[in-house]
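One structure below.
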Amino acid sequence: MSQIVVATAKGVRISPRKVAEVAALIRKRSVADALVILEHTPRRAAKPLHKVVSSAKANAVYNHRLAEGSLQITGIEVNGGSTMRRFKPVAHGGAHRILKRSSHVRVTLTGEEKPKKKTAAPKAGGKKEEEE
């Protein structure tokens, strides 16, 4: 039975359009492939995406007990976050607005559960005492 695991990164200080271009490279891929692609992508947005995907992988493996090899990226959403507004002075006492945009990134994974290990039943008689 497959489970869904989610990880988010909020307030990434890169515009959503730039992050979405890199996110398109890893959409619908396995987590292992996506991490390799992000390591070799020469874009600034690759680093925060790498952190979110590896965080989702850790959530899946340690919190939800999913097998590492079965993890697939089913969705990546890149939405706009808060925008800082700055002003640059221009001629004749005017000012132009500069928008410093940020992004919210949400990664969704699916994977199969690890097979449960069978535990051996304790032997009858309990612990043996050492004889001297």
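The structure places OG of S102 at 7.5 Å from CE of M84, a figure rounded to the nearest 0.5 Å. Taking CG of L49 as the reference point, atom NZ of K47 lies at 13.0 Å (rounded to 0.5 Å). A distance of 11.5 Å separates CG in L109 from OG in S2, rounded to the nearest 0.5 Å. The CZ atom of R44 sits 7.0 Å away from the NZ atom of K18 when rounded to the nearest 0.5 Å. Going from atom CZ of R101 over to atom CD1 of I14 covers 14.5 Å, rounded to the nearest 0.5 Å. Between L66 atom CG and Q72 atom CD the span is 12.5 Å, to the nearest 0.5 Å.
The backbone N or O of I76 sits less than 3.5 Å from a side-chain atom of R27, completing a donor-acceptor pair.
No more than 12 heavy-atom neighbours from other residues, nucleotides or ligands sit within 6.0 angstrom of CZ on R65. Residue-environment remark: CZ (R13) exceeds the threshold of 12 foreign heavy atoms within 6.0 Å. For F87, the CZ atom counts as densely surrounded, since its 6.0 Å shell holds more than 12 non-hydrogen atoms of other residues, nucleotides or ligands. Environment of NZ in K114: crowded, with over 12 heavy atoms of neighbouring residues, nucleotides or ligands closer than 6.0 Å.
Across every non-hydrogen atom of L71 and G111, the tightest pair is CD2-CA, 4.1 Å. Among all heavy-atom pairs drawn from V22 and A46, the shortest one is CG1-CA, 4.1 Å. The nearest pair of heavy atoms linking S55 to A7 is OG-CB, 4.1 Å. The nearest pair of heavy atoms linking V78 to A23 is CG2-CB, 4.1 Å. The minimum heavy-atom distance between A56 and V107, with the atom names listed, is CB-CG1, 4.4 Å. In terms of heavy atoms, V19 sits closest to S103 at CG2-OG, 3.8 Å.
Partner of I73 under the side chain to side chain contact (heavy atoms under 4.5 Å, CB included) criterion, chosen from V31, T108, D33: V31. Under the side chain to side chain contact (heavy atoms under 4.5 Å, CB included) test applied with R29, the options V53, I37, V36, L35 reduce to a single match, I37.
T8 has its side chain out of reach of H104: every pair of non-hydrogen atoms, C-beta onward, lies at least 4.5 Å apart. R86 is listed as a side-chain neighbour of K100, based on a closest heavy-atom distance under 4.5 Å.
By the criterion of side-chain heavy atoms lying less than 4.5 angstrom apart, applied directly or through intervening Ile, Leu, Val, Met, Phe, Trp or Tyr residues, I4 is not grouped with Y62; the two fall into different hydrophobic clusters.
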